[in-house]
Q: 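Could you have a look at this structure, given as structure tokens, before my questions?
The model shown is predicted, which means the values in this text are computed figures rather than measured ones.
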Amino acid sequence: MIIPGSGSQALAAALAEATGEALATPTYDRFPDGEQLAAVPDFAGDSATIVCSTTGDEAWVELLQLQDAVREAGATEVTTVIPYMGYARQDEAFKQGQPVSARAMARAVSTGTDRVVLVNPHEPDVADCYDVPVDHVDAAGVLAAPLPALDDPLFLAPDESAVGLAETVSEAYGAGDTDYFEKHRDRDTGAVEIEPSDATVQGRDVVVVDDIIATGSTMSEAIGVLEARDADRLFAACVHPMLVRNAATKLRNAGVERIVGTDTVERECSCVSVADAVADAL
């Protein structure tokens, strides 16, 4: 049985259809003091697959409660699908006295599951933080499907670490070159500097590909550089469209024609699903 977190209901439904599994209907309540209560009153069976993107602290609590709820209801095999893993960027202690937050969250999840499935975690090494087997799903290729016909396309990563994503989307699209910007972030101030790559962009359609778009600041800066170098149409594509605060508006104003994202984080731009890729892993 597939059990959705409150923020992953569309993906869970698509996954249930892709796998032929039944879809549970959890309840998500809150007590007057603010405490949460996620329950699965219609759960039946021995096997449970929980689908819950951890986009905030409340989602982590909800995930832990759903794990415990199905165990309490008799599940002997629990798989936890985390389409978007929050805290994955806190994969080390960057300063003295700081926690490795990704490890703390992973250890908590490990206590209530037999297996974890992650979709394009920001740092793949976070899999080592779990105490149970972890499967990785690379869903970047699905971002090619919603793209229109492109003229001499360039798939551009905002930094070198995301080149693999750009290459995956380019291969799935079936044409185009790949390149990246060089990005430098000041860990104390958070300021980011982007140095343009040597790729020729003039008159080309450019798709900037990343795993996460959060505030949109870094990608907007990259788009601004492309605009200055006379690129033609500009698109932003990401696996995890967090798009917090005014990120979508920021990208539009920078010159992005369309934002393409998956349903790991369910937003207006989530026009393609990772359900089939997750189903294959399951």
Side-chain angles (χ1 to χ4, degrees), residues 1-26 38 40 42-55 59-60 62-86 88 102 105-145 164-165 168 172 211-212 239-241 261-266 270-282:
M1 182 171 274
I2 307 293
I3 294 91
S6 60
S8 299
Q9 296 180 61
L11 174 54
L15 185 59
E17 183 175 351
T19 59
E21 295 287 337
L23 180 66
T25 306
V40 194
D42 64 342
F43 177 78
D46 300 326
S47 177
T49 299
I50 297 166
V51 183
C52 187
S53 281
T54 51
T55 53
W60 282 107
E62 184 178 279
L63 171 55
L64 296 176
Q65 289 185 333
L66 290 173
Q67 287 181 328
D68 198 72
V70 296
R71 289 289 195 198
E72 181 70 15
T76 56
E77 180 182 357
V78 177
T79 298
T80 300
V81 178
I82 306 179
Y84 170 77
M85 180 183 168
M105 311 312 278
R107 285 177 173 173
V109 169
S110 297
T111 62
T113 192
D114 302 295
R115 176 189 178 198
V116 169
V117 178
L118 301 176
V119 180
N120 290 98
H122 184 71
E123 297 293 344
D125 289 346
V126 297
D128 298 334
C129 296
Y130 290 87
D131 298 323
V132 294
V134 176
D135 291 309
H136 287 274
V137 173
D138 183 359
V142 303
L143 294 170
L165 293 172
T168 298
D211 60 336
I212 306 168
V239 179
H240 309 298
T262 80
D263 55 357
T264 61
V265 181
E266 296 175 4
S270 301
C271 55
V272 64
S273 181
V274 303
D276 287 340
V278 173
D280 288 342
L282 294 176

Q: Which residue pairs pass the side-chain hydrogen bond (donor to acceptor under 3.5 Å, both in side chains) test with at least one member in residues 1-22, sequence neighbours excluded?
A: Ser6-Glu62
Q: Among Ile50, Leu63, Asp131, find the one that has a side-chain contact (heavy atoms from CB on, under 4.5 Å) with Val109.
A: Leu63
Q: Enumerate, atom names and distances included, each donor-acceptor pair closer than 3.5 Å involving a side-chain atom of residues 117-130, sequence neighbours excluded.
A:
{"unit_1": "Asn120", "atom_1": "OD1", "unit_2": "Ala139", "atom_2": "N", "d": "2.8"}
{"unit_1": "Asn120", "atom_1": "ND2", "unit_2": "Asp138", "atom_2": "OD1", "d": "3.1"}
{"unit_1": "His122", "atom_1": "ND1", "unit_2": "Asp211", "atom_2": "OD2", "d": "2.7"}

Q: Rounded to the nearest 0.5 Å, what's the gap from CD1 on Ile82 to OG1 on Thr55? Could you check?
A: 12.0 Å
Q: Can you see whether Ser273 engages Asp263 through a side-chain donor-acceptor pair at a distance of less than 3.5 angstrom?
A: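 Per modelled atom types, Ser273 and Asp263 side chains form a pair under 3.5 Å.
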Q: What are the two closest non-hydrogen atoms of Ala48 and Ile3, and how far apart are they?
A: CB-CD1, 3.6 Å
Q: Please check: side-chain N/O of Thr79 versus main-chain N/O of Arg115, any donor-acceptor pairing under 3.5 Å?
A: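 Judged by distance alone, no pair lies under 3.5 Å.
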Q: Does any part of the side chain of Pro4, heavy atoms only, come nearer than 4.5 Å to the side chain of Leu23, both counted from C-beta?
A: yes
Q: Over all heavy atoms of both residues, which pair between Val51 and Ala12 is shortest? Give the atoms and the distance, please.
A: CB-CB, 4.2 Å
Q: To the closest 0.5 Å, what do you measure between OG1 (Thr113) and CG (Leu66)?
A: 11.5 Å
Q: Check for a donor-acceptor pair, side chain of Thr262 on one end and backbone N or O of Leu143 on the other, with a separation under 3.5 Å.
A: no
Q: How far apart are the closest heavy atoms of Thr168 and Gly141, and which atoms are they?
A: CG2-N, 3.5 Å
Q: Between Cys52 and Thr80, is any pair of side-chain heavy atoms under 4.5 Å apart?
A: no
Q: Quick check for you: to the nearest 0.5 Å, what is the distance between Ser53 atom OG and Leu11 atom CG?
A: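 CG of Leu11 is found 7.0 Å from OG of Ser53.
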Q: Can you confirm whether Thr49 sits close enough to Leu282 that some side-chain heavy atom of one is under 4.5 Å from a side-chain heavy atom of the other?
A: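 With C-beta onward as the side chain, the pair touches.
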Q: Going from CD on Glu266 to OH on Tyr84, what distance comes out if it is rounded to the nearest 0.5 angstrom?
A: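 The CD atom of Glu266 sits 14.5 Å away from the OH atom of Tyr84.
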Q: Is there a side-chain contact between Val81 and Pro83 (heavy atoms, below 4.5 Å)?
A: yes
Q: Do you know the tightest heavy-atom contact between Pro241 and Thr264?
A: CD-OG1, 4.2 Å
